[in-house]
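First up is the structure itself, then whatever we jot down about it.
For ligands, and for the atoms within them, numbers begin at 1 and follow the listed sequence. Predicted model, so just to flag it, every value in this text is computed and none were measured.
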Amino acid sequence: MKSISIKNHKIEESTFTLMAGPCSIESKEQFESIVKFLKTQGVSIIRGGIFKPRTNPKDFQGLREKAFPIVKEIKEKEDFLFITEITDVRQIESLMEVADIFQVGTRNMYNYDLLKELAHINRPVLLKRNFSASIKEWLFAAKYLSPNNQIILCERGIRTFETAYRNTFDINAVSYLKQNSHLPIFVDPSHATGHNSLVSDIAKSALVAGAHGLLIEVHNEPDKALSDGAQALSFNQFSSLIKDLKNLSKSLNKKVL
Ligand code: PEP
Ligand code: MN
């Protein structure tokens, strides 16, 4: 695997990187409390949705431009790397001011014009798999990001006939891509399951299958979340997951970062 450096954070074969945070940034208080908690857990890459692509247009669409001053203020106080989703080329300029990693969501994996623009930014891009994309299509989408050479793939579950959970985690993809691609492969166990009771088991299985890290949703009050509350881990659930991951990682010779 080709290692990637994001400021002083290194993603490499011997590391397991945690990117965690709320699905959406909802307020300064909410985001600040989650950032502070995650920092106590040793997490240095925080996620937080600003522009939210929602299936139902009546659902919360993210704070959008209103989130920028919140992120800037908290970034000044707390030292962390920030990952957030881009949904339109017109957001590049403003997101460059806050995002250390750009996330391309499942709905935009096929947005080739967006990918072509992200090919020329000086920031890593985490490319999620479209929920019905074959691995071949996903890897072609990653090629659209070239010459950007800081690309991370993220398996986030695919759509199958199964309706008991939100998506089906394709664990084969992790092992397959380790053998057939030089790109780091991450797993998003939150969208892959849709239920917080399933998230920790799937997160641990991702580590064992050889993934290079996780993108995971955590909320200070999951029941009150404005998006994806059902799949968000509470602080207690996240603390216990991180303990398990650290224990498991020892026998795998990996370091949880
Ligand atoms: C998200 O990370 O909150 C998100 C919208 O993910 P996906 O694109 O995988 O649905
Ligand atoms: Mn989400």
* To do: Can you figure out which of Arg129, Arg166, Arg54, Lys128 has its heavy atom closest to atom 6 (O) of ligand 1?
  => Lys128
* By number and element, which atoms of ligand 1 are closer than 4.0 Å to a non-hydrogen atom of Gln103? -> 1 (C), 2 (O)
* Parallel under 30°, tilted from 30 to 60°, perpendicular over 60°: which one fits the rings of Phe82 and Phe31? -> perpendicular
* **Heavy atom of the protein closest to atom 8 (O) of ligand 1 (residue, atom name, distance)** => Thr106 N, 2.8 Å
* Interfacing atoms of ligand 1 (cut-off 4.0 Å, heavy-atom, Lys52) -> 1 (C), 3 (O), 5 (C)
* Salt bridge flag under 4.0 Å for residues Lys72 and Glu76 -> no
* **Shortest non-hydrogen contact between Ser146 and Ala119, atoms and distance** => O-CB, 3.4 Å
* Asked: Counting from 1, what ligand 1 atoms have a heavy atom of Gly105 closer than 4.0 Å?
  -> 8 (O)
* Structure fact -> Which atom of His191 is nearest the Mn ion (ligand 2), counting N, O or S only? It is NE2
* Contacting atoms of ligand 1, where contact means under 4.0 angstrom from a heavy atom of Glu217 -> 1 (C), 3 (O)
* Under 4.0 Å between a Lys/Arg side-chain N and an Asp/Glu carboxylate O for Lys75 and Asp100? -> yes
* To do: In plain terms, say whether Glu117 and Arg90 are close enough for a salt bridge, that is, a side-chain N and a carboxylate O under 4.0 Å apart.
  => no
* To do: Do me a favour and list the nearest non-hydrogen protein atom to atom 5 (C) of ligand 1 with residue, atom name and distance?
  => Glu85 OE1, 3.6 Å
* In terms of residue, atom name and distance, what is the protein heavy atom nearest to atom 4 (C) of ligand 1? -> His191 NE2, 3.4 Å
* Asked: Looking only at heavy atoms of Gly49, does any of them come nearer than 4.0 Å to an atom of ligand 1?
  -> no
* Asked: Are Leu118 and Leu139 co-members of a hydrophobic cluster defined by side-chain heavy atoms under 4.5 Å apart?
  -> yes
* Identify which of Gln231, Arg107, Arg47 has a heavy atom lying nearest to atom 2 (O) of ligand 1. => Arg47
* **Distance filter under 4.0 Å to Cys23 heavy atoms, resulting ligand 1 atoms** => 3 (O)
* Asked: Quick check: are there more than 12 heavy atoms from other residues, nucleotides or ligands sitting under 6.0 Å from CZ of Arg159?
  -> no
* Single hit among Thr55, Asn130, Thr87 for side-chain hydrogen bond (donor to acceptor under 3.5 Å, both in side chains) with Arg107 -> Thr55
* Structure fact -> Nearest non-hydrogen protein atom to atom 10 (O) of ligand 1, with distance, is Arg156 NH2, 2.9 Å
* To do: Determine, for Lys77 against Glu32, whether the closest basic-nitrogen to carboxylate-oxygen distance falls under 4.0 angstrom.
  => yes
* To do: Angle at the Mn ion (ligand 2): provide the value between OD2 of Asp228 and OE2 of Glu217, rounding to 10 degrees.
  => 120°
